[in-house]
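Below is one structure, written out as structure tokens; the observations come after it.
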Amino acid sequence: MSFDCSGHIKDFLHELPKCEHHLHLEGTLQPSLLFKLAERNNITLPDLLPKTVEECDERYNNFANLQDFLDHYYIGMSVLIHEEDFYDLAMAYFEKAHSDQCLHSEVFFDPQGHVERGIDIDNVVGGFNRACQDATTKFGTTNKLIMCLLRHLPASEGLKTIEMTHKYYEQGVIHGLGLDSTEVPNIPSIFTECYQDLKQKFPHIGLTSHAGEEGDFTYIEEALDHLKVTRIDHGVNAVQKDELMEHLAKEEILLTVCPMSNLKLRVVDDIGKLPLRKFLDKKVPFSINSDDPAYFGGYILDNYLAVQKHFGLSVDDWKFIALSSIKHSWCDDVRKQELTDLVHSVISKYDGLL
Ligand code: HPA
Ligand code: ZN
């Protein structure tokens, strides 16, 4: 099934104010920038990585699963060395997000993937934070950093990373904690102490975790019960259990869904098979996100358009998605009101045209 995605509906989806909650800054490293930074920093890339931009595009279009992608993602990271490398990477993303009318971004980064290579944490957070601030000045967009722990590493390493980044939480430079990398068999409860420790010290921060991407619904339940997260990254396997769907709707737990990622990592073989219609019918709040756009072939607007193409959503459906994305963002109420007003004005503008 394919729905029209041109003309007014395309313009509407472009203009609709967006919030992105599931975007790994390291996953925005386009092959062209990867090769440029490798040269600039004298990095020899391993044989697993194709040698040209075109060959990378081809390889990235054929990942076997999450781990196959992650193997390439960690190689990509190895070209990021200096503060300006991190700055350039994030700034390129913020510029693209702005052109997609993404007005608020909450972005992940993986400090362990850098510190374990001997990179100074100040280069990582300093570069990303400077880009966040410059993007606000230049584009008027708002942005927040969320640190992720790598779940293929032990929780003791996570605790060290938390300790190392205390000062950034204290300064309000990092706003949240997430959990990413190889989902199965690394169940969320392994990281309970990490989440408890940070939340106790900084009660205002947001907690989230990847769950229910390759892992089944029990990973989502674990993240909610043990990590006390208020948001789930991916979460598409929530559809496996009715009571969980009801719980997500009742407690308004936001799922940060990534349609093109799910297709490219073979979570589904067709975007139309994602349970988005069920989420809408059951009032489970979700946002639409790009995850790792340089690896999965599309940024946030591409993901919105892909959803429209496969589901032919109504204006009311889009209103629910846009307003849920704002309501469950971690920005302040003044910003939420500004974004909400903008959504209403775009919907009015297209009244009768869609
Ligand atoms: N899942 C798990 N870990 C990740 C992802 C993802 O989609 N992207 C970057 N790290
Ligand atoms: Zn992700």
Side-chain angles (χ1 to χ4, degrees), residues 19-30 34 60-61 63-78 80 86 89-90 93 97 105-116 124 128 144-153 157-158 161 176-188 190-191 194 206-216 219-220 222-223 227 229 231-238 254-268 271 274 286-300 302-303 306:
C19 299
E20 183 146 64
H21 308 112
H22 189 153
L23 179 285
H24 301 262
L25 283 172
E26 294 91 342
T28 68
L29 183 63
Q30 291 290 348
L34 192 164
Y60 292 179
N61 208 21
F63 290 125
N65 50 34
L66 173 60
Q67 191 59 53
D68 187 23
F69 151 68
L70 288 170
D71 293 343
H72 290 78
Y73 172 81
Y74 294 120
I75 291 172
M77 274 192 195
S78 69
L80 301 165
F86 293 93
L89 179 68
Y93 162 70
S105 299
E106 297 175 3
V107 297
F108 298 132
F109 69 107
D110 288 319
Q112 289 163 301
H114 307 297
V115 171
E116 70 176 4
V124 183
F128 284 158
K144 291 197 181 296
L145 291 176
I146 302 173
M147 172 175 94
C148 280
L149 297 179
L150 298 179
R151 67 203 302 165
H152 67 269
L153 298 178
E157 288 299 319
T161 306
L177 178 66
L179 185 65
D180 65 359
S181 191
T182 315
E183 185 175 5
V184 180
N186 303 306
I187 56 176
I190 296 169
F191 297 90
C194 299
L207 300 180
T208 187
S209 171
H210 282 54
E213 178 186 16
E214 284 190 343
D216 67 13
Y219 283 72
I220 301 173
E222 274 231 344
L227 307 184
V229 297
R231 184 185 283 179
I232 294 286
D233 300 312
H234 291 298
V236 289
N237 284 337
L254 183 80
L255 304 181
T256 68
V257 176
C258 307
M260 294 177 76
S261 163
N262 290 161
L263 180 71
K264 292 298 171 78
L265 298 188
R266 302 176 195 259
V267 171
V268 286
I271 287 177
L274 285 168
F286 68 92
S287 58
I288 297 172
N289 307 272
S290 62
D291 204 1
D292 301 282
Y295 292 87
F296 303 144
Y299 287 79
I300 189 166
D302 302 308
N303 277 273

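Whatever order the structure lists ligands and atoms in, that order sets their numbers, starting from 1.
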Original post:
When rounded to the nearest 0.5 angstrom, what is the spacing between CG in Leu263 and CD1 in Ile271?
Top reply: 5.0 Å
**OP:** May I ask you to check whether Tyr219 and Ser209 show a side-chain donor-acceptor distance below 3.5 Å?
**Re:** no
Original post:
Relative to each other, are the rings of His24 and His22 parallel, tilted or perpendicular (30° and 60° limits)?
Top reply: perpendicular
Subject >> Aromatic plane relationship, Phe108 with His210 - under 30° parallel, 30 to 60° tilted, over 60° perpendicular >> reply: tilted
Original post:
Does Glu20 use its side chain to pair, donor to acceptor, with the backbone of Ile300 at less than 3.5 Å?
Top reply: no
Original post:
Where the side chain of Asp302 meets the backbone of Tyr299, is there a donor-acceptor pair that is under 3.5 Å apart?
Top reply: yes
**OP:** Compute the angle centred on the Zn ion (ligand 2) spanning NE2 of His24 and NE2 of His22, and express it rounded to 10 degrees.
**Re:** 110°
Subject >> Asp291 atom (N/O/S) at minimal separation from the Zn ion (ligand 2) >> reply: OD1
For ligand 1, list all ligand N or O to protein N or O distances below 3.5 Å, rounded to 0.1 Å.
{"residue": "ligand 1", "atom": "1 (N)", "partner": "Glu213", "partner atom": "OE1", "Å": "2.9"}
{"residue": "ligand 1", "atom": "3 (N)", "partner": "Ser181", "partner atom": "N", "Å": "2.8"}
{"residue": "ligand 1", "atom": "7 (O)", "partner": "Glu213", "partner atom": "OE2", "Å": "3.3"}
{"residue": "ligand 1", "atom": "7 (O)", "partner": "His234", "partner atom": "NE2", "Å": "3.2"}
{"residue": "ligand 1", "atom": "7 (O)", "partner": "Asp291", "partner atom": "OD1", "Å": "3.4"}
{"residue": "ligand 1", "atom": "7 (O)", "partner": "Asp291", "partner atom": "OD2", "Å": "2.7"}
{"residue": "ligand 1", "atom": "8 (N)", "partner": "His24", "partner atom": "NE2", "Å": "3.2"}
{"residue": "ligand 1", "atom": "8 (N)", "partner": "Asp292", "partner atom": "OD2", "Å": "2.7"}

Original post:
So, His21 side chain and Thr256 main chain: donor-acceptor pair closer than 3.5 Å or not?
Top reply: no
